[in-house]
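Beneath this line is the structure, given in structure tokens, with notes to follow.
We number each residue from 1, following the sequence as shown.
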Amino acid sequence: MISYFRSILPSRLILLVLLFLAIQLPLILWNISATAPELLHMLVGERLSDGFGMYRDIYDNTAPVSALVFWALDALAGRSFLAYRLTAMGLLLLQALLLNVTLNRHNVYASKNYLPALLYLILGSLSFEFNMLTPLLIGNTFIILSLPYIITLSREGFDNNRLFVGGFMLGLAAMSYLPLAMFLLIGVFAVIFFASSTFRSMLLMLCGFVFPYAVLLTYYLYTNTTQEFIELHLLRPWQLQVNFLRPPADVAKLMAIPAIVLLLSLLSSASLPQRLVFQDKFKQLMWVWLFTSFVVIFTRDEISVATFILLLPPIAYFSEFFFTSNRKMWQLNLVILLVIGCMLVLRYRHMLHINRFLMLDESPLLLPEEIDLPMQQATVLVLGKDVSYYTQNKPVTPYLNWNLAQRHFGRLNEYQAVFEIHQNFSREMPAYIVDKVNLMPELSYKLPGIFGKYSATSAAGVYELSE
């Protein structure tokens with residue numbers, strides 16, 4: 001298998017795509033488990049499709065480009081987990097091919113091959129979380145798109161205006177998931193490593209990075225949403241409160257295989273003989289990429305397997321050094337077959353009924369398969385983190401994200417917060433309020449004109465609009 005993908009014949013590319021589809025499509029079409037993060041993204045897209053403004057009418061920290069993608073998907077497919085999974089699968093395939101094309105086109109290795117794309121797609125199939133359409137996955141696409149722009153122009157020594165495009169791509173990555181702004185560090189090091197005019201090149205890249213934000217800020221300035229944009233998008237992601245969405249042991253089990261591949265690859269790259277200057281500098285740049293990925297992953301407020309998508313490009317790059325090393329071919333084939341076998345076992349463990357041995361718990365991310373809801377096809381507001389009530393109902397008011405809703409509901413002793421709640425409910429009144437945090441008594445006392453219209457139902461914590 002390794003020797004087959006060392007060639008760049010078109011047949012190798014076709015087989016690579018078919019292999020990826022053969023792994024992914026049965027899993028996607030056979031059973032799609034609904035997850036809470038994806039449902040929240042769908043709700044954001046749905047609210048945008050209904051004409052509400054991001055940050056002004058939707059209190060969520062989803063970045064603007066990601067929100068645009070969710071809006072487009074809602075306009076095309078509505079609430080469809082299948083559409084989200086297929087889009088994520090397409091982005092993962094696109095990332096692998098774009099990265100491989102960039103590496104081959106710029107002669108990063110001694111010979112051209114499809115090994116980086118092979119490892120990217122295999123490791124990208126380890127967990128269903130890599131098939132979730134997340135802002136991080138969207139932003140990672142723009143980071144890979146920026147790579148040829150921040151290395152080619154500097155290498156050629158002319159047409160430095162391409163650095164502006166590279167910075168623009170990094171800006172779009174940050175506008176997909178703000179912490180990816182730290183990948184600007186890669187652009188800085190690319191300028192240092194390759195550029196002939198460092199200061200001018202740095203300014204061009206920074207201007208490209210800032211440009212999409214300048215346009216967006218201008219739009220929010222005219223729509224009187226600048227304060228909300230700054231508070232919910234620019235400031236919120238930097239409140240470091242590390243929390244694992246899944247048990248850390250599960251994350252460690254799933255990421256053990258990429259960690260082993262990365263370790264073997266780094267050891268192989270360290271033993272390489274002297275290469276071309278450009279190739280050595282590119283390897284140094286990928287070390288920066290690897291370091292930045294770890295920083296972004298372990299400084300997030302929510303850590304799960306999906307956040308490790310950032311490691312796939314550097315692992316794919318360094319893996320080529322191991323699979324083209326002087327080791328015997330049967331050893332290399334054995335390693336890649338073991339990686340594929342472990343990936344298949346992990347992904348098909350439910351079909352094979354072996355999850356009781358692996359003891360991997362996905363329940364923190366999944367929505368209940370059977371939900372007994374006291375209301376159907378109604379407008380609902382949930383006071384709390386349980387978003388399952390939205391699966392068959394429509395959200396109203398800006399309070400989608402309960403953590404961000406605390407800017408109002410967490411400060412009910414302040415007049416401004418109570419006034420903002422009154423204003424939001426004056427525009428939209430949900431037919432039902434699901435109170436998971438026991439706030440309705442206080443809300444009814446402080447805002448009787450709004451919450452006094454709701455009466456308790458037979459379902460615990462569920463209130464229905466009387467008028």
Where M359 and K253 come nearest, the two heavy atoms and their spacing =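 Minimum heavy-atom separation between M359 and K253: O-NZ, 3.4 Å.
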
Listing, residues 66-75 side-chain donor-acceptor contacts under 3.5 Å, not counting sequence neighbours, or none:
residue, atom, partner, partner atom, Å
S66, OG, S176, O, 2.6
D74, OD2, S49, OG, 2.8

Not counting sequence neighbours, which residues clear side chain to side chain contact (heavy atoms under 4.5 Å, CB included) with L15? List them please.
->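 Scan of L15 (side chain to side chain contact (heavy atoms under 4.5 Å, CB included), adjacent residues dropped) gives Y4, F5.
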
Of all residues at least two apart in sequence or in a different chain, which pass the side chain to side chain contact (heavy atoms under 4.5 Å, CB included) check with L206?
->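 Partners of L206 by the side chain to side chain contact (heavy atoms under 4.5 Å, CB included) criterion, ordered by chain and then number, come out as L184, M202.
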
Please set out all donor-acceptor pairs under 3.5 angstrom arising from side-chain atoms of residues 89-99, sequence neighbours excluded.
residue, atom, partner, partner atom, Å
Q95, OE1, Y120, OH, 2.5
Q95, OE1, N140, ND2, 3.1
Q95, NE2, L137, O, 3.0
Q95, NE2, T141, OG1, 2.8

Before giving the answer on side-chain contact (heavy atoms from CB on, under 4.5 Å), spell out for E228 and H233 the whole-Å C-alpha distance, their side-chain angles and the decisive distance to 0.1 Å.
-> CA-CA 8 Å; E228 290 82 0; H233 173 63; over 6 Å; no

Carboxylate-amine/guanidinium proximity below 4.0 Å for R349 and E362 = yes

Where do Y399 and L381 land on the side-chain contact (heavy atoms from CB on, under 4.5 Å) test, with the steps shown first?
-> CA-CA 8 Å; Y399 305 107; L381 170 67; 3.9 Å; yes

Given the rule in the side-chain contact (heavy atoms from CB on, under 4.5 Å) test, do R79 and E46 qualify, once you have shown the distances and angles that lead to the verdict?
-> CA-CA 8 Å; R79 289 194 196 181; E46 186 177 283; 2.8 Å; yes

Hey, does the Lys NZ or Arg CZ of R12 hover above the aromatic six-ring of Y114, less than 6.0 Å from the centre and inside 45° of the axis?
->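 Output no; distance or angle outside limits.
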
Side-chain H-bond candidate by donor/acceptor type, R347 with S127, under 3.5 Å |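 The criterion, which ignores hydrogens and geometry beyond distance, is not satisfied for S127 and R347.
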
Have Q376 and N393 got a donor and an acceptor in their side chains that come within less than 3.5 Å?
->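 Q376 vs N393: no donor-acceptor pair found between side chains.
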
Pairing residues for Y177 by the side chain to side chain donor-acceptor pair (under 3.5 Å) criterion, not counting sequence neighbours |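 By the side chain to side chain donor-acceptor pair (under 3.5 Å) rule, Y177 matches no residue at all.
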
Under the side-chain contact (heavy atoms from CB on, under 4.5 Å) criterion, do L118 and F323 qualify, and how do the steps go?
-> CA-CA 11 Å; L118 175 66; F323 289 106; over 6 Å; no

Do any N or O atoms from the side chain of D50 and from the backbone of F52 form a donor-acceptor pair under 3.5 angstrom?
->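 Answer holds: no.
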
Who passes salt bridge (charged side-chain N to carboxylate O under 4.0 Å, His left out) against K112, sequence neighbours left out?
->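 Partners of K112 under the salt bridge (charged side-chain N to carboxylate O under 4.0 Å, His left out) test: none.
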
